[in-house]
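The structure appears right after this line, and notes come after that.
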Amino acid sequence: MSLTERLLNIDRRYIYLVIAVAVLVPFILPFHMPVYVSQPVRSVYDFIEALPEGSVVLVGFNYSPSTMPELYPMSLAVLKHCCSRKLKIIGMTLYSSAATIGDTALKEMAESCSYQELQDYVYLGYKPNFEATMLGIGEDIADPFPTDYMNRPVTEISMMKNIKNYRDIALVIDLGSGNTPEAWIAYAGSRYGQKIASGCTGVMVSGLYPYLKAGQLVGLIGGLKGAAEYEKLVKLTGKATLGMNAQSMAHLAIIFLVLLGNVVYLISRHKARKKVKV
Amino acid sequence: MFNAIGIWVAIGLTICVYSFLYKDNPLFKFAEHLFVGISAGYLLAIAYHTNFLPYIYYPLKSALTEGKYREFSVLIPSLMGLMLFSRFVPRYNWMVRWPFAFLMGYSAGVKIPVIMQADIYRQIQGTIQPFGDKSSLWAITNAVMIMLGVICTLIYFFFSRERKGLSGGLSEAGIIFLMIGFGASFGYTVMARISLLIGRVDFLLQNIPFINSIVSNGR
Amino acid sequence: MNRKILAIIILFFIPILPIISTAETANLRGIDTPNDNGGSIILEWEVDTEFPRIKSYRIFRSEVTIGDMKPIGNAEPGVNRYIDNKVTRGKGYYYIIQTIYNDGVVANSPMIGPVVPKAQWFDKSLLPTAGGVLIISGILIFFIYHAKSGKKLTIRRIPGLEAIDEAIGRATEMGKSILYVSGIGGIRSMATIASMNILSRISRMAAEYETPLLVPCSDPVVMNIEREIIRNAHMDAGRPDTYRQENVFFITEEQFAYAAAVDGMIIREKPAAIFYMGAFMAESLILAEVGNVSGTIQVAGTDSITQLPFFIASCDYTLMGEELYAASAYLSKDPLLLGSLKGQDIGKLIVIACIIIGVILQLLGYQWFTNLFR
Amino acid sequence: MKRQIPLIISFVCGIFMLIQFFIPHPGFISVYRGILNWARIIGVFALIIGIGTLVRLHFRRITRRSPGWFYSVVVFAGLIVTASAGIIGGTRGKLFVWIFQNINIPLDATMFSLLAFFMASAAYRAFRARTLDATLLLIAAVIVMFGRVPIGDFLWQAVAPQSWVDKVPFLPEQVAEWVMSGPNMAARRGIMIGAALGAISTSLKIILGIERSHFASSSQ
């Protein structure tokens, strides 16, 4: 068997090994690389930075546990920014599997910047049906959320006294792994003129650009890289920044694999043609 | 103690799933089915606390004990909800159509104007708007390119005419834009999947004794 | 008669006319917010030219003319607008704005009012959207009924369909089987419905050529429908005896287990052609990669945009997005599908026309057309 | 009757929701809020239906002792333990959170991270520049993969001539951003407009009762 043939039919487990090594090595031998902050991420930061103290932001934790490595560091960075700006935070989720994630993230934030539940932040928990929930907040937030996560009536929570609907909410930040950003844009954005920022998984980024460029999103934080950029802006060395080395190496490895695959393919095709000529 | 066991369980299950990379095996199947069961149970518990209690149980309770008779209205949608279960009873399964008709009709109606606005109008506006900025050649070139890209893509998905002449050429150009778009999406998908792997590797390295000492020294 | 109609029309429009009550005194004005449900009042005032001296504004409100003024909010210096959205529709409100200067001096504006928030019956700012909905719906309904009434509508041939015929032909030549994967969507997904139409064509050809067709399913309901389709195809081809029910089988609903099982089939059975038609998620690449390596002809079609790159890179032909629906309409000749496809095409033409007109007007410096599409 | 009433329900709800978008009057809004609440309550039952289907499937497997029935027992064990922990102990209950943190998260996240490996293998074996289309796709992918991680800029600054680096220190990142917001955005916008027209047409067909495939599953 010639080298090209062997390379063409290589056992896929060797390729798995290449990726494992590319991801592992940077953890053991860390190095530092500067992170460049892209405009869509900066826009989110600037928008939050410009909000007056005490403004209300609604944070949607709309991701399943599977995408936590991308979106959890992002959630922490965004929450940290909100509490450093002394904003009031309403947390909620439209994904049943994220109910506990939102709770954990808010608690982690509250500990680090001494926020009090029910005074500085509220966690409303999970509601099914995107449309009905998003449209319901436009009329009265107590319609979709009569109670908070711990079943306390929303009307009796001190922070919620002056918050009725989107008019009282300065920004909706969707941290999502599915089609929640599109839904916010349609049901809260077009219908009620709500400002929306999106933090999303890498898979979703390219599909959200039309909304970003048409001004329907104030900004976009995409994937682990976006999270790392946000961490840089809020001066936090979190999981995303630490992950960037491994991310870089793995991308290089994949680019290398694509190139190698194509070179081998071209050589074998060239050989096959030669054989035909003979 | 409770937490220490938890971490070992998590490590064990992570390894069970990764064993699939070698080949499909009972450990992976066990982990997979455990996941299915746990997530269904999780969903049930969350639905009970955040939906069943506030929307059905509390209103009914206040209707019965405090005499708030208006709250009895939750019985109508609840009944419609129960009709969904008729799916399991062949004789009455036509009943499932009522709640479906309600949900489908309502979401179809809600969708039309918002999609019109968010996905058509604002996108048209977003394509035209950049032509107002005539300050630099680069800006205007980009605006022209984006306009052509949108139009060519639309023409690519045009089905009532044969692809000939001008429309054929434009739809060919449409393919170029589509392929670059899909490539970009592919690049980002790679990023996303790798990030997930990084998250798991980070978890393993930090929590397996021995190894975590090497890694934390490295940091 | 006509007068009556006119009267009704006038009556209908009276509530829509924006009711503006301006107080001429000082610079403060109170306006009922247009196009809303009567839940807010907009206050506007002129920014003092000496605003660097101003510390802030305080807004006071009362429901009676004299006394009982209560503070309801503040505004930053330099701001000239405050929206009071804690009002009850139909009630009258009186306002005073207090200017607080840096040196501690406080000045009250004259009182304005009553400002009465009203609800409107039609949100006029949405007029262009309403027009768009009417036009597009009208076109779609016209073509759907046009097609239903039996008028012939043609759509162009979809290149992917030739690839399908070719793949089936090659499988027959080689005497090998065909694998059809309809994705992991339920029967309510548009892509799965389209997939069923394509399956009926493929199974018909396979039945005629007596090529075995394997269909592993991940949804029990879809499986039943697929069995029905394939049995009918064998009947139509006049070969009911060659129908094998066991070739259409349920594997599992779990994504990765399903993908692993289908991969196993591809390696063991070595089908000559594989079709992936329907809704796909992350399993797409696990399937298509193995198919590609085993050298099979692969044709894919899906509306799951994020999965398209994997199919495009690893399959011989891919129906992208709407092409899947078009292929299904083309094959089934269903007037409903053809009619709505035609209607959507006209919609696209209108969009293209709007873009071109908009760009020309924008270049000429007219902004109003662009603003229609808010 | 069985056929007509659902069609009437769809039609009335659909038309009402369509026109209420344009009407801010409170009378309409209170009906609209009522409909939203109803939809939410039905949604609660719809959630349970999903679980019902799952239970039925695995129950059958166990009673019939079909191959792999033991795994169905695992499904049941997981379901019962988690659900009772959550219902009795509450959503902040110790056991419930423990199960979520230590079983649910690792399983879900690891399952998905398998894709990183599959992706790498596919990148090597399946992503070939066989056609012009595939080539364009690959080039765009490589640009984005290279430009959207710090190492892209890092290598550029290390390798490129200093005068170029001074001019554009973050070239790879900027090229990637251009691909995203230029050609990628244009294509996505075109797809989006087409899909929106398709969604409007499907919605209209549902309201008018022409599209009935969503009823099909019930008659099976």
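The chains referred to below are lettered A, B, ... by the order of the sequence lines, with proteins before strands, and numbering in each begins at 1. The figures here come from the full heavy-atom set of this structure, side chains too, leaving out hydrogens, waters and symmetry mates.
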Side chain from CB out, backbone as N, CA, C, O: work out which of these in [X] comes under 4.5 Å of a heavy atom of chain D, or both, or neither.
X	answer
Gln117(B)	side chain
Phe158(B)	neither
Ile175(B)	side chain
Leu44(B)	both
Thr189(B)	both
Ile5(B)	both
Ile198(B)	neither
Ile155(B)	neither
Pro90(B)	neither
Phe30(B)	both
Thr50(B)	neither
Tyr188(B)	both
Phe203(B)	neither
Lys29(B)	both

With chain B as the partner, which of [options] has the greatest number of non-hydrogen pairs under 4.5 Å?
options	result
Ile207(D), Asn104(D), Leu138(D)	Asn104(D)
Asp108(D), Val12(D), Val149(D), Leu204(D)	Asp108(D)
Tyr32(D), Trp178(D), Phe118(D)	Trp178(D)
Ile49(D), Val44(D), Ile200(D), Asn37(D)	Ile49(D)
Asn184(D), Leu137(D), Ile19(D), Ile105(D)	Leu137(D)
Ala199(D), Gly190(D), Gly86(D), Ala141(D)	Ala141(D)

**Asked** Is there side-chain contact between Phe112(D) and Arg193(B), with heavy atoms separated by less than 4.5 Å?
**Response**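 With C-beta onward as the side chain, the pair touches.
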Check: Are Ile48(D) and Phe85(B) side-chain neighbours, meaning at least one heavy-atom pair lies under 4.5 Å?
Finding: yes
* Asked: Do the rings of Tyr42(B) and Phe100(D) sit parallel, tilted or perpendicular, given the 30° and 60° boundaries?
  -> parallel
Part of [X] within contact of chain B (heavy atom distance under 4.5 Å):
X	value
Ile35(D)	both
Phe127(D)	side chain
Phe22(D)	side chain
Ile87(D)	both
Phe117(D)	side chain
Met180(D)	side chain

Would you compute the distance between atom [atom1] of [X] and atom [atom2] of [Y] and round it to the nearest 0.5 angstrom?
X	Y	atom1	atom2	value
Phe157(B)	Ile193(D)	CZ	CD1	12.5 Å
Trp38(D)	Tyr55(B)	CH2	OH	15.5 Å
Ser10(D)	Phe102(B)	OG	CZ	10.5 Å
Ile76(B)	Ile42(D)	CD1	CD1	10.5 Å

Original post:
Does a donor on one side chain and an acceptor on the other come within less than 3.5 Å for Tyr18(B) and Ser113(D)?
Top reply: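 Yes, because at least one side-chain N or O of Tyr18(B) sits under 3.5 Å from a partner of the opposite role on Ser113(D).
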For Val9(B) and Trp98(D), what are the C-alpha separation, side-chain angles and deciding distance, and is it a side chain to side chain contact (heavy atoms under 4.5 Å, CB included)? CA-CA 11 Å; Val9(B) 168; Trp98(D) 185 90; 4.1 Å; yes
Scanning both residues in full, the closest heavy-atom pair of Ala196(D) with Ile120(B) reads CB-CG1, 3.7 Å
Which of Met185(D), Met192(D), Arg189(D) passes side-chain contact (heavy atoms from CB on, under 4.5 Å) with Val150(B)? Answer is Arg189(D)
